[in-house]
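Below: the structure, in structure tokens.
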Amino acid sequence: MATAKETRHDALGLDPERLLTMYRQMVTARAIDRRMWVLNRQGKAPFVISGQGHEAAQVGAAAALRPGVDWLVPYYRDLAFCIALGMTPLDFMLSVFARKDDPNSSARQMPSHFGLKRARIVTSSSPVATQILHAAGIAYASKVRGLDEVAVTCIGEGGTSKGDWHEGLNFAGVHKLPFICIVQDNDYAISVPHRLQMGVDSVAKRATGYGMFGETVDGGDVLEMYEAMRRAVERARGGEGSTLICAKVARFTSHSSDDDQRRYRPQEELEALLRRDPIERFRAYLAGEGLLGDEEDERIQQEATTDVDAAVKTAEAAEPPDPATILERVFAEHG
Amino acid sequence: MATAKETRHDALGLDPERLLTMYRQMVTARAIDRRMWVLNRQGKAPFVISGQGHEAAQVGAAAALRPGVDWLVPYYRDLAFCIALGMTPLDFMLSVFARKDDPNSSARQMPSHFGLKRARIVTSSSPVATQILHAAGIAYASKVRGLDEVAVTCIGEGGTSKGDWHEGLNFAGVHKLPFICIVQDNDYAISVPHRLQMGVDSVAKRATGYGMFGETVDGGDVLEMYEAMRRAVERARGGEGSTLICAKVARFTSHSSDDDQRRYRPQEELEALLRRDPIERFRAYLAGEGLLGDEEDERIQQEATTDVDAAVKTAEAAEPPDPATILERVFAEHG
Amino acid sequence: MAVKTLIEGVREALDEEMARDERVWVLGEDVGKKGGVFLATEGLYAKYGEARVLDTPLAESCIVGVAIGSAINGLIPVAEIQFADFIHPAFDQIVSEAARMRYRSNGDFTCPIVIRAPWGGGVHGGLYHSQSVEAFYAHVPGLKVVMPATPEDAKGLLKSAIRDPDPVMFFEHKKTYRLIKGEIPESDYLTPIGPAAVRREGSNLSCFAWGLMLHYCLEAAEAVAREGVEVEVVDLRTLRPLDKDSILRSVEKTAKAMVVHEDNLTGGFGAEISAVIAEEGFEYLDGPVVRVCAPDVPAMPFNKPQEDAFLPNPERIADAMRRLARY
Amino acid sequence: MAVKTLIEGVREALDEEMARDERVWVLGEDVGKKGGVFLATEGLYAKYGEARVLDTPLAESCIVGVAIGSAINGLIPVAEIQFADFIHPAFDQIVSEAARMRYRSNGDFTCPIVIRAPWGGGVHGGLYHSQSVEAFYAHVPGLKVVMPATPEDAKGLLKSAIRDPDPVMFFEHKKTYRLIKGEIPESDYLTPIGPAAVRREGSNLSCFAWGLMLHYCLEAAEAVAREGVEVEVVDLRTLRPLDKDSILRSVEKTAKAMVVHEDNLTGGFGAEISAVIAEEGFEYLDGPVVRVCAPDVPAMPFNKPQEDAFLPNPERIADAMRRLARY
Ligand SMILES: Cc1ncc(C[n+]2csc(CCOP(=O)(O)OP(=O)(O)O)c2C)c(N)n1
Ligand SMILES: Cc1ncc(C[n+]2csc(CCOP(=O)(O)OP(=O)(O)O)c2C)c(N)n1
Ligand SMILES: [Mg+2]
Ligand SMILES: [Mg+2]
């Protein structure tokens with residue numbers, strides 16, 4: 001009714017079903033993420049690296065994209081982003097267990113080096129920031145081929161210090177490409193704090209210097225992220241140019257299973273962040289809007305756990321790669 | 001008298017003698033530069049690269065520095081800058097003729113790859129933008145050693161597209177170093193126009209993104225350049241931070257003796273620029289202020305020519321390097 | 001067949017491939033209106049327009065990284081690095097990215113790109129416009145490394161490189177651009193990437209080279225032939241894949257081997273060729289495997305006397321041939 | 001003498017040199033509070049403060065370029081590259097700048113810097129945390145390349161590197177950090193950069209190696225010794241300058257040579273060693289110069305079966321020793 005005040009999600013054109021799908025994606029990503037740490041402690045996964053605390057930014061961004069049409073050139077924290085674009089818990093667990101059928105790399109790469117052709121998630125490497133230029137190149141091809149495909153790439157705030165980040169944003173800005181760079185700023189690059197990484201509070205302030213749009217977003221608020229991302233996507237498709245989004249997020253875990261953040265990070269700082277868990281915040285919003293009751297939530301959590309259990313079971317039982325295939329796929333000629 | 005309106009140079013604290021010295025430096029640099037093109041056409045200099053049109057920006061900047069104390073990490077157009085810091089016409093001509101006593105590199109490098117230890121002009125290479133990081137490192141050492149030495153580095157607008165430029169400015173911004181980057185923006189990178197180089201009109205707009213000061217200056221106006229540079233130097237010495245100066249200048253010649261700008265540059269554009277020759281502009285200012293009469297100007301021009309003639313004569317007669325020394329100075333052990 | 005320069009071969013290959021396949025595009029510094037600093041892309045801008053003949057910002061990592069991305073999204077880029085000396089900033093994109101796309105994605109993503117760069121000295125380019133960089137890239141699995149020495153090969157190999165489904169490093173010796181002339185077939189031919197070519201038959205020793213040095217070796221072979229020393233001169237043409245069979249076949253025939261390159265001696269690609277011969281051709285050998293290369297100093301100085309002292313020349317090569325023949 | 005790990009040797013060298021000379025400083029990613037991802041700089045931040053133990057932005061070219069600049073203005077930087085795999089973005093600063101400062105300025109400017117990086121595999125690091133990069137740098141005139149294999153050498157060579165007036169690449173095999181223990185003299189000693197060390201005397205064949213492979217070669221030598229094959233195992237320790245005399249002396253004695261490295265075969269530094277032997281030690285040779293190396297695929301996969309298939313191991317090395325001894 002005209003009298004009822006419009007909700008935030010109405011204003012964004014997100015219906016309850018979309019919202020619950022987004023919630024489910026965040027919950028699933030978190031369930032997978034928690035589980036891989038358990039597997040690591042059990043000695044079943046030699047290496048894990050986490051996206052806990054980044055889920056709202058990633059799922060909010062993914063919601064503004066067309067899976068399989070727009071491109072994601074990801075980085076290693078993008079588990080929730082990949083799940084939202086169609087990666088399954090099994091796809092991921094196959095890489096955690098380094099199995100032959102891992103669709104990311106057939107276990108040639110460490111877990112969280114995402115790549116999924118069917119979802120247009122581009123194969124990623126370890127060297128930070130190289131992907132920015134690939135996204136710029138994909139966007140350039142999209143433009144000259146007259147396609148309306150948008151190239152989205154993610155990186156941490158530490159990665160913005162690299163030359164490739166600059167060269168990629170400069171190129172995108174020159175040609176007003178359908179290019180969006182999402183910087184997931186969690187205040188740390190492993191142990192290096194923000195103050196030693198850059199002389200500015202939000203890297204989005206660099207956007208004007210590249211001739212692109214810049215936005216600083218609360219990456220813990222999935223709706224705010226969706227809104228900023230939708231604007232960016234519209235500009236990209238409309239030929240108005242590129243966007244640099246700085247999403248302020250929190251890194252809940254140590255950098256990776258090889259790190260122990262207690263060595264360099266104040267406990268209070270972390271606890272304060274944990275009190276503002278993006279998933280909790282979204283749950284509270286949905287509950288407040290009467291879109292998510294306790295049983296329903298219970299069910300969603302339960303389903304996620306069941307899916308992850310099944311994925312772990314199947315992945316653990318799957319075949320490792322055959323050593324003989326190590327020589328394959330160096331060139332087209334061999335395999 | 002209190003009634004007489006203050007001149008621009010009074011306001012800047014530049015007395016007539018300083019002004020004439022600066023004028024002389026510009027005239028000398030131009031005379032050398034013109035001569036090297038003649039030598040090139042005579043087949044006596046296989047390669048030359050020019051600073052014509054950049055003299056006011058360079059001499060104005062140099063005037064704010066302490067030669068032999070502050071550092072210049074130059075680029076290949078900085079002939080006038082080097083002259084102003086104490087490089088002699090002979091020093092330079094020895095490199096043009098590739099002579100053993102060339103103080104820049106003993107003719108190991110092409111001319112205009114400046115380096116002069118006594119003047120704290122740091123040895124430079126050909127790869128564009130690598131020098132930015134050296135200047136940042138010099139400034140970092142100056143800061144931690146408690147010195148008040150300022151590190152100044154120059155580059156063209158094309159060079160700002162390189163990763164090293166970004167990494168250097170970011171580092172300087174993080175530590176608020178006594179670092180000044182002067183971008184000599186002449187609208188072309190060889191043949192590549194500004195619009196294909198960056199998505200912004202003045203690269204100085206990137207300064208805030210690095211947490212430093214930014215200034216866009218008419219690099220054809222030696223006094224305006226001096227003023228901006230003096231501010232930057234004061235900030236640097238005062239520990240207030242780094243500065244990015246974009247000096248709009250004009251490239252009067254082809255990129256180098258290997259280039260022919262008529263292939264890509266409209267003739268009218270060039271003619272328009274030539275009508276605003278920075279040396280002419282400074283001469284007009286000095287004449288207008290009654291500081292430079294025709295004979296005096298004539299004398300200055302004459303002296304410059306004489307100096308250059310002498311330098312060419314001596315350099316041409318000088319010894320080339322001994323082939324046997326090619327193996328020396330790879331490491332400290334050998335030579 | 002018309003006699004043309006090596007750079008004409010390059011230009012024709014680019015033009016023909018761009019005309020044949022609209023996915024092919026050229027990017028680099030000054031490749032547009034200017035047509036490249038060596039005019040390799042002259043005329044392409046006018047013919048195919050800015051989108052397909054793009055002047056990039058001054059950033060080599062950008063050039064290669066954007067090329068890679070454009071290939072992921074359906075284009076076939078030919079990236080020009082203005083001088084091989086300036087390819088280093090792109091080292092990470094080439095070695096960590098281009099060379100591994102296929103391997104790391106188990107074949108799901110590929111990287112059909114060509115990276116062209118003028119290399120080599122003898123043009124008073126000084127320390128930073130004269131270098132040989134082939135050894136760095138010929139060491140990297142996932143890359144092909146092509147070094148044409150004749151106009152016919154420059155054209156035929158570049159066309160093959162552009163049609164190759166994997167990344168190809170294509171190095172053109174800048175001094176040969178106009179110095180080396182030769183016939184170029186009118187037909188739409190391809191020269192396969194891989195096989196070496198015996199440029200001169202000989203029975204006393206085998207000499208392996210590429211680029212400008214191949215021509216110096218041929219000169220030297222002429223000189224010593226007058227003294228009765230018959231040198232077999234092999235143009236390797238591509239360093240990776242390396243044509244081991246041709247190398248070993250030649251050594252089996254002559255029993256003596258020599259490698260010549262203008263890159264620095266230590267760790268140059270000549271070492272790999274020596275190593276292959278010393279391991280797989282040991283039985284054939286009747287003398288040491290000799291390397292004639294540039295000294296271990298950082299590239300050749302600008303001044304003429306030292307530039308000459310740096311570069312191997314036909315005389316030095318001929319002396320080495322005589323010594324080895326006498327061994 | 002106390003038995004310590006290799007990484008302790010590294011840490012002690014840094015600590016002692018920083019205490020000795022206040023111009024020495026450490027920079028890199030996570031070298032501060034965290035003490036480095038392998039804890040090589042643990043404790044230095046607390047002891048010497050942020051200005052001398054600096055966490056840099058995430059930018060390798062910046063790390064090296066700033067180090068160079070700081071050396072020009074009187075400091076002695078020890079730059080840490082977190083993994084050798086990530087040194088590539090600094091390739092230009094290392095090769096075009098650090099290696100040439102002295103040469104291009106005819107001695108007026110110098111570059112006394114050390115660049116440390118953990119390299120090598122066997123730690124399920126996958127394609128990008130396992131690589132060998134020594135061949136790229138050992139090819140570059142102006143650089144010294146040090147590859148310690150024991151705790152004593154790690155400390156003694158690093159101290160020499162820090163006191164060296166020229167740029168030194170210092171590569172530490174990450175798997176040896178804690179795996180390899182050994183005695184470290186209490187005294188303030190230096191190990192000279194250059195000389196190789198014969199780790200095991202033998203008469204039947206010479207085996208040259210560095211890093212982790214040295215230890216695998218020693219294991220293999222033990223195994224074949226039981227069968228009467230006496231292998232001389234030489235730890236090269238520094239690849240540049242290369243100790244040719246020790247290499248040739250050993251081959252003169254055994255008449256058979258073998259090089260082992262975990263870098264890819266083609267164009268690896270083993271090729272240079274083979275080439276030196278094939279040219280300067282040809283008369284001594286009684287058999288092919290054998291190389292036991294990783295296959296030519298882009299680095300070792302993450303999954304265990306393929307990681308094991310990639311790395312040479314004592315068994316593979318012992319087999320090669322047997323074959324060569326029988327030759
Ligand atoms: C070129 C390069 N240098 C160093 C590393 C090692 N490394 C991996 S992640 C990381 C920190 C990244 O921090 P940030 O960009 O802020 O992303 P975050 O992990 O915080 O999400 C570092 C230094 C790397 N992978 N690549
Ligand atoms: C890394 C690198 N790439 C390419 C070149 C070749 N090159 C020399 S100068 C130049 C153009 C520089 O333009 P800009 O930075 O605007 O300076 P300007 O010459 O206009 O003063 C180019 C491309 C180089 N020297 N280094
Ligand atoms: Mg971060
Ligand atoms: Mg310019």
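Naming convention: chains lettered A, B, ... in sequence-line order (proteins, then strands); numbering from 1 in each chain. Side chains are part of it too, since the values below use all heavy atoms of this structure and drop only hydrogens, waters and symmetry mates.
When the candidates A:Ala324, A:Ser105, A:Ser125 are compared by the number of heavy-atom contacts under 4.5 Å with chain D, A:Ser125 comes out ahead. In terms of non-hydrogen atom pairs under 4.5 Å with chain A, the most contact-rich of D:Leu58, D:Val297, D:Thr56, D:Asp308 is D:Leu58. The residue among A:Ser161, A:Gly156, A:Pro111, A:Ala189 with the most heavy atom pairs within less than 4.5 Å of chain D is A:Ser161.
Proximity to chain D is limited to the side chain of A:Val128, based on heavy atoms less than 4.5 angstrom apart. Using a 4.5 Å cut-off between heavy atoms, A:Ser106 touches chain D through its backbone atoms (N, CA, C, O) alone. Using a 4.5 Å cut-off between heavy atoms, A:Asp102 does not touch chain D at all. Heavy-atom distances place the side chain of D:Leu39, and not its backbone, under 4.5 Å from chain A. Contact annotation for A:Arg195: only side-chain heavy atoms (C-beta onward) come within less than 4.5 Å of a heavy atom of chain D. Using a 4.5 Å cut-off between heavy atoms, A:Pro127 contacts chain D through both its backbone and its side chain.
Annotation: side chain of D:His124 is in contact with side chain of A:Pro46 (closest heavy-atom distance under 4.5 Å).
Note: A:Met110 CE to D:Phe302 CZ = 6.0 Å, rounded to the nearest 0.5 Å. Atom CG in D:Asp30 sits 8.0 Å away from atom CG in A:Asp259 (nearest 0.5 Å). To the nearest 0.5 Å, atom CD of residue A:Glu328 and atom CD of residue D:Gln306 are 9.0 Å apart.
By the 6.0 Å contact criterion, CD on D:Glu22 is open, its count of non-hydrogen atoms from other residues, nucleotides or ligands being 12 or less. Annotation for D:Arg23: atom CZ does not count as buried by contact number, only 12 or fewer foreign heavy atoms lying within 6.0 Å.
Along residues 82-96 of chain D, the residues that come nearer than 4.5 angstrom to chain A, judged on non-hydrogen atoms, are D:Gln82, D:Phe86, D:Pro89 in order of number.
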(message) Would D:Lys34 and A:His255 count as a side-chain contact (heavy atoms from CB on, under 4.5 Å) here? Give the steps.
(response) CA-CA 12 Å; D:Lys34 182 175 164 71; A:His255 172 74; over 6 Å; no

(request) For A:Arg108 and D:Glu307, run salt bridge (charged side-chain N to carboxylate O under 4.0 Å, His left out): C-alpha distance rounded to whole Å, both residues' side-chain angles, the deciding distance at 0.1 Å, then the answer. (result) CA-CA 9 Å; A:Arg108 283 174 169 188; D:Glu307 182 179 71; over 6 Å; no

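D:Val123 pairs by the side-chain contact (heavy atoms from CB on, under 4.5 Å) definition with D:Lys174, D:Lys175, not counting sequence neighbours. By the salt bridge (Lys or Arg N to Asp or Glu O under 4.0 Å) test, D:Arg100 is found to be paired with no residue, residues two or more places apart in sequence or in another chain being considered.
Ring-plane geometry between A:His113 and D:His129 is classed as perpendicular, the angle between the planes exceeding 60 degrees on a 0 to 90 degree scale with a lower cut at 30.
Shown here for A:Leu196 and D:Pro57, the closest heavy-atom pair between the two residues is O-CG, 3.6 Å.
Judged as a salt bridge (Lys or Arg N to Asp or Glu O under 4.0 Å), the pairs with a partner in residues 51-66 of chain D (not counting sequence neighbours) are, in order, A:Lys162-D:Glu60.
With hydrogens and angles ignored, the 3.5 Å screen pairs a side-chain donor or acceptor of D:Asn303 with a backbone N or O of A:Ala107.
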